[in-house]
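So the structure is just underneath, and the comments pick up after that.
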Amino acid sequence: MSKPAAKSGRAPSGRGDAQWAPTSSPEGKSPPPDQPQREQALDPARSILVQAPAGSGKTTLLTERFLTLLGEVDEPGQVVAITFTNAAAAAMRNRILDELRAEQPSALA
């Protein structure tokens, strides 16, 4: 069985692909090998498609991207996120609202 390769660059459809694991790493650890793809996924000038196994941090990355995009638009309704499950949509919504309501929000919020 071969190991799936991380995708980078432009997909034939014109959408950038990002394969990645969670964006936060414990202190003292080196950045993950897919750090460039994670950074590309946060670039508001790119379209992205995120593919990764369950538990790899897709919702975290997409939440960070959504917050980044909110900082780029005049009206929040200009940002649209599509998920394949109601659970993923609820998780993203809760994380975004939690970050926006935090006493000390991250730089993204």
Side-chain angles (χ1 to χ4, degrees):
M1 178 188 327
S2 65
K3 186 168 123 182
K7 296 179 182 179
S8 63
R10 304 297 265 175
S13 66
R15 293 179 287 187
D17 289 336
Q19 290 269 343
W20 61 283
T23 57
S24 59
S25 62
E27 289 182 26
K29 292 218 173 184
S30 61
D34 60 353
Q35 188 63 38
Q37 287 83 8
R38 294 178 197 213
E39 291 169 7
Q40 286 178 354
L42 294 177
D43 179 357
R46 297 178 61 100
S47 291
I48 65 162
L49 170 68
V50 177
Q51 295 176 238
S56 62
K58 294 181 298 293
T59 302
T60 298
L61 178 72
L62 293 172
T63 298
E64 290 174 357
R65 179 171 171 82
F66 195 91
L67 289 167
T68 299
L69 291 170
L70 284 177
E72 299 287 318
V73 298
D74 295 324
E75 295 291 327
Q78 293 175 284
V79 180
V80 177
I82 300 171
T83 65
F84 289 101
T85 67
N86 289 333
M92 282 186 62
R93 179 183 184 276
N94 290 335
R95 290 183 192 193
I96 290 165
L97 291 175
D98 288 347
E99 190 62 39
L100 293 173
R101 292 175 180 155
E103 284 187 34
Q104 297 205 352
S106 71
L108 290 175

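Please read these numbers as outputs of a predicted model, since none were measured by experiment.
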Sidechain-backbone polar pair: R95 side chain, A90 backbone, donor-acceptor under 3.5 Å: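 Not at all, since once roles are kept as given, no pair shorter than 3.5 Å links the two residues.
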Taking every non-hydrogen atom, the tightest pair across S56 and P53: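 Heavy atoms only, the tightest pair is OG-O, 2.7 Å.
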Smallest separation among heavy atoms of Q40 and R46, with atom names: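 Nearest pair, atom of Q40 first, then R46: O-CD, 3.4 Å.
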Atom [atom1] in [X], atom [atom2] in [Y]: separation rounded to 0.5 Å?
| X | Y | atom1 | atom2 | result |
| --- | --- | --- | --- | --- |
| M92 | K58 | CE | NZ | 12.0 Å |
| R93 | D98 | CZ | CG | 10.0 Å |
| I48 | L62 | CD1 | CG | 5.5 Å |
| I96 | R101 | CD1 | CZ | 11.5 Å |

Whichever hydrophobic residues join I82 through chains of side-chain contacts under 4.5 Å: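 Traced through the cluster, I82 reaches V80.
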Side-chain donor/acceptor pairs under 3.5 Å, residues 66-78, sequence neighbours excluded:
unit_1: T68; atom_1: OG1; unit_2: E64; atom_2: O; d: 2.9
unit_1: Q78; atom_1: OE1; unit_2: D74; atom_2: N; d: 3.0
unit_1: Q78; atom_1: OE1; unit_2: E75; atom_2: N; d: 2.8

